[in-house]
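Quick notes on the structure that follows.
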Amino acid sequence: MRDSAEWQPTSYRSHTIGQVVSLGDSLIGTEVTISGYAETVRGRGAICFLMLRDGTGRIQAFLKRDNMDQAFFDLVQSVSRESTVQLTGVVAEKRAPKVKEGESPPPPEYEINVSSGSILAIASTPLPVGVTDDVQVGLDVRLDNRHLDLRREHVNAMFQLRSRVLQYGREHLIAEGFQEINTPKIIAAAAEGGTNLFPMKYFDTDAYLSQSPQLYKQLAVLGGLERVFEIGPAFRAEKHDTYRHLNEFISFDIEGAWMDDEDVMGVQERMIFHIWSEVKKNDQNLIDIINKYRISQGNEEIEVDIPSLPFPRIPYCEAIEIVKKGGGEIEWGDDIESHHCDLIAAKFPGFHFIPRWPMAMKPFYIHHKENEKGTTGEQLSRGFDLNFGRDEMTSGGAREHRVDILEENLRGMGLDPADFTFYTDGFRYGAPPHAGWGLGVARLLMVLTGAGNVREVVLFPRDRSRVTP
RNA sequence: GCCCCGAUGGUGUAGUGGCCUAUCAUGCAGCCCUGUCGAGGCUGCGACCCGGGUUCAAAUCCCGGUCGGGGCGCCA
């Protein structure tokens, strides 16, 4: 539940439930008004218990027929679960529950002795997804009813964690001198080849949804913004159907001038270190909620393991050797696929960088040094990946800042430099060497939360077959 | 695009040709009891994805479709 200590009263409540729960003792005897979802309603006689939940906590409301308008009492008593209710009453210490012999009584808890209130909105029955039920629900049903799924405690906790991860990431980058930018998501050209783009109509012109802020964040750096980052959507029209791919996802991108691939790997590992450290320090309560659920499902608990710095660097050539020794079929020049990553992850289970990929496998904007060759004599690049276990988190690299080589690379990949003048022109008037990366936010969150499917940690995921809700 | 698997009340499931007027849990509706607290007790409600076929008999076998899951490919 969220910390609401500083929240101001609103038209619908004098206190958050979280405030009542945490202030507890000092509020005894005070009249408060709270609002929330009716989680359970027990009792059909002269008394009634209603567990009320808002985004900050849950508290029991105690209702006695004699203490209020009888019509309201009857209404509350028959209200369906998840209906929203506003209640006014006096804070009191809850009577301690009966405990088994030998068990120590729980710490004091608080409740509201209700005197009045109103029903804000009735929930239809039955709920398509149980909020507090023990029964499992399939992911598809959950996503169809995400608005209800989000009310489940552990799901809610995951999205609070997501917000924290972005907050800590921003914090760290700003501390390192990066500034936040936004680049256009409607673009004119199929910028980079490779991935398929979603076409769209921009008035009378053909346009596309952006697959990556890559070229624009570079232009921002070339323009002198020096160090930039963007947290924004990227769209890819690939017909993949896996636990880790979506057609719309949030990419966490940085780009920095006067930096090379090693420099931005440093930024990345420090940022991840900061995020993990802060989560461990501030958000164990959210991890606990997720673990409570995981235990109930028979899953292993997750732990926030702060990675040690620096992360291992396993250059491409070495990675190929590891895969070969592990019995994987691979040749220099092949992509390192998921099943290959399993072999590497066996030796490097946590975060690890894979730098120095073959230039032939990298996009045209990746920098290379002519004297850096692979074991077979082929040109290496300054592009890198960050993996965790078998999954790719990041792709990044030092960028090509020499315009003649950029154009050569474009031609080499079957692209026409004339289509990229909006980009290459940025390099004609003095270009700082620069580097950057793009990180999949949801993939990072999968690592942190133990989610087995990227859809778990995306509010309203867009995949091959889902555009609603 | 390829391969494999699956679809049973609102939800999650049991069921492998007749024991199925279909199991269990949860839910929902109602009643009883109760300062309850994973509340408890009782009663009831509610389902075999769609279309065709095989068979005396189909939730169960076959074919097609739809939807979903897993794996692969694709993926700056």
Next item on the list: Could you work out which one of B/rC75, B/rG35, B/rU11 sits closest to the side chain of A/H245?
Entry: B/rC75
Check: Is any NZ, NE, NH1 or NH2 atom of the basic residue among A/R356 and A/E372 found under 4.0 Å from an Asp or Glu carboxylate oxygen of the other?
Finding: yes
Check: Quick one: which of B/rG35, B/rG70, B/rC28 gets closest to the side chain of A/N453?
Finding: B/rG70
Check: Is there a residue in residues 461-469 of chain A whose heavy atoms reach under 4.0 Å of RNA chain B, and which residues are they?
Finding: A/R464, A/S465
Next item on the list: Could you work out which one of B/rC75, B/rU26, B/rG1 sits closest to the side chain of A/K239?
Entry: B/rG1
Next item on the list: Looking at every strand, decide which applies to A/G130 at a 4.0 Å heavy-atom threshold: base, sugar-phosphate, or nothing.
Entry: nothing
Note to self: Counting the atoms with a prime plus P, OP1 and OP2 as sugar-phosphate, which does A/K94 contact under 4.0 Å by heavy atoms, base, sugar-phosphate, or nothing?
What the structure shows: base
Next item on the list: Please measure how far the C1' atom in B/rC19 lies from the corresponding atom in B/rA57, and state the result in whole Å.
Entry: 14 Å
Note to self: Please pick, from B/rG69, B/rG71, B/rA29, the nucleotide with the shortest atom-to-atom distance to any side-chain atom of A/Y243.
What the structure shows: B/rG71
Notebook entry, point to check: Taking only residues two or more places apart in sequence, or in another chain, which ones meet A/N285 in a side chain to side chain donor-acceptor pair (under 3.5 Å)?
Noted result: none
Note to self: Please pick, from B/rC37, B/rC74, B/rU26, the nucleotide with the shortest atom-to-atom distance to any side-chain atom of A/V135.
What the structure shows: B/rU26
Checklist line | Given B/rG73, B/rG27, B/rG35, the nucleotide with the shortest approach to the side chain of A/E111 | finding: B/rG35
Check: Contact class for A/V141 vs. all strands (heavy atom < 4.0 Å): base, sugar-phosphate, or nothing?
Finding: sugar-phosphate
